[in-house]
There are 2 protein chains.
Amino acid sequence: MGEEIPKIIIGRLPLYLRVLRRLKNEGEVYASSQELGEMLDISGAQIRKDLSHFGELGKRGTGYEIEFLIEKIRQILNINQVWNIAVVGIGDVGHALARYNGFVNRGFKVTAIFDSNEKKVGTEVQGLVIRDIKDLKEVIHKEDIKIAAVATPASAAQSVTDSLVENGIKAILNYAPIYLKVPDDVLVEYIDPAIHLQKLSYYLG
Amino acid sequence: MGEEIPKIIIGRLPLYLRVLRRLKNEGEVYASSQELGEMLDISGAQIRKDLSHFGELGKRGTGYEIEFLIEKIRQILNINQVWNIAVVGIGDVGHALARYNGFVNRGFKVTAIFDSNEKKVGTEVQGLVIRDIKDLKEVIHKEDIKIAAVATPASAAQSVTDSLVENGIKAILNYAPIYLKVPDDVLVEYIDPAIHLQKLSYYLG
DNA sequence: GTAAAATTGTGCAAATAGTCACAAGCAAAG
DNA sequence: CTTTGCTTGTGACTATTTGCACAATTTTAC
């Protein structure tokens, strides 16, 4: 309990949460580790062991109470609050993120969008005005933003990242196809469709 | 060499490739494992060990010849060819994928796009006509498509996936926020921005 | 009230992944 | 040709992750 939780376990919690939400939606009240495992292609033992890091969350003979476990995982992941998100770079991807409705009830809300293109600045997307990248500092502080998505061309991604970090951003979701250099206390997750596909094509022989 | 290559190693090869491409672009000819490692926050030893699974690709005292290694990794990942990709669901994400220029020279090309919305069918995106989802079978076979991206709402994703699998699709890039049930010989990669962000928020305390 | 069935939590074993450190090979300098 | 410096490939070791199997606990059936 007092120890550090392995990153790989934290990475699975959002998956557990997603499937628990689904079961709750379907009217289920309890779920066993076996059942959850089958829905995720993960062994029941692994799910039990993962969850055991956070206390005794299940009940022998019955399984896990879905509503309770959802709440517990939300607490662990710090998403029993809403994090404001900044999106930088309003091309196709930035646009898709700004309009994405998958954030609702999952702990996040896009509250600021930025671009460097003067023609875009001032126009609206999903009710949000596109701000000039030069206003990064002002907006980030005003909106108390700690998480940003970088959706700029690769050529701009590192310098945008540097500005974000300088202004207190602590976590970045990076869509640009490059590795970002950041200080140790800043976290980055990467999304690059080509990289994901290349992992797959290996197995297609 | 004859053995099975661990999945985790295959997963890193695309990253190596991306940084090698970048170095090549900058005019470099050789790169050491140390240098590559620093650009990726991976130890040099790990890069050497990963690559050693595929033969002796480096030269002692010199490092790896960039052009040669790029070609080698492209061969390993089966991207020394172009895979035709089908995108299903032309909302914001599907649209972004269809227009994505990050696939060029990375082994993939979107050659078919589908939607079920009659108003969208027949219109063009990036020079491609949106086809009715009912024409899946015909188009997939005609274009010899083996890889598809699912960018539909969650409610449609599983049934779309079933059709894709039935028509010979062997790898899926899934943007819908659900786990997809597929036969053992079909591979799926998942992209869900909320899931990625939830992995980050844990560490934001 | 007892027996049978279900399911968790967990110690231990197995498998997988990553690091270290160094012999071996190559290049450059003198 | 020899020495020096650099870098790979890899065996041995360490760390991490996963799977197994079962005691402990709860529920259900009779």
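Below, each value reflects all heavy atoms present in this structure, side chains not excepted, and no hydrogens, waters or symmetry copies. In what follows, every chain begins at residue 1, and chains take the letters A, B, ... in the order their sequences are listed.
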Phosphate OP1/OP2 of D/dT7: any B/Ser33 side-chain N/O under 4.0 Å: no
Option passing side-chain contact (heavy atoms from CB on, under 4.5 Å) with B/Ile169 (candidates B/Ile147, B/Val88, B/Ile145): B/Ile145
Nearest-angstrom distance from the residue atom CZ of A/Phe54 to C1' of C/dT10: 16 Å
Distance-only donor-acceptor test, A/Arg60 side-chain atoms vs C/dT7 base atoms, 3.5 Å: no
Greater than 12 external heavy atoms within 6.0 Å of B/Asn105's CG: no
Parallel, tilted or perpendicular: rings of B/Tyr190 and B/Tyr179 (30°, 60°): parallel
Toward the 5' end of DNA chain D, by each residue's nearest nucleotide, A/Gln46 or A/Thr62: A/Gln46
Protein-nucleotide distance (B/Lys59, atom NZ; C/dA24, atom C1'), rounded to Å: 16 Å
Candidate nucleotides D/dG9, C/dT8, D/dT7, ranked by approach to the side chain of B/Tyr64 - the nearest: D/dG9
Sugar-phosphate, base or nothing in reach of A/Ile9, heavy atoms under 4.0 Å: nothing
Distance, rounded to the nearest Å, where A/Leu69 contributes CG and C/dT8 contributes C1': 13 Å
Gap between atoms CG and C1', on B/Leu36 and D/dC6 respectively (whole Å): 15 Å
Pairwise 5' ranking along DNA chain C for A/Gly58 and A/Lys49, keeping only the more 5' one: A/Gly58
B/Arg48 CZ to C/dC22 C1', straight-line distance once rounded to whole Å: 11 Å
Nucleotide nearest A/Ser43 when distance is taken to its side chain, options D/dG19, D/dG9, C/dA21: D/dG19
Sugar-phosphate, base or nothing in reach of B/Leu51, heavy atoms under 4.0 Å: nothing
Spacing between B/Ile10 atom CD1 and C/dT16 atom P, to the nearest angstrom: 15 Å
A/Ile8 CD1 - D/dG19 C1' separation (whole Å): 14 Å
d(CD, B/Glu4; C1', C/dA17) in whole Å: 16 Å
Residue pair A/Gln158 / A/Asp162, side-chain donor-acceptor N/O under 3.5 Å: yes
CD/A/Glu71: more than 12 non-hydrogen atoms of other groups inside 6.0 Å: yes
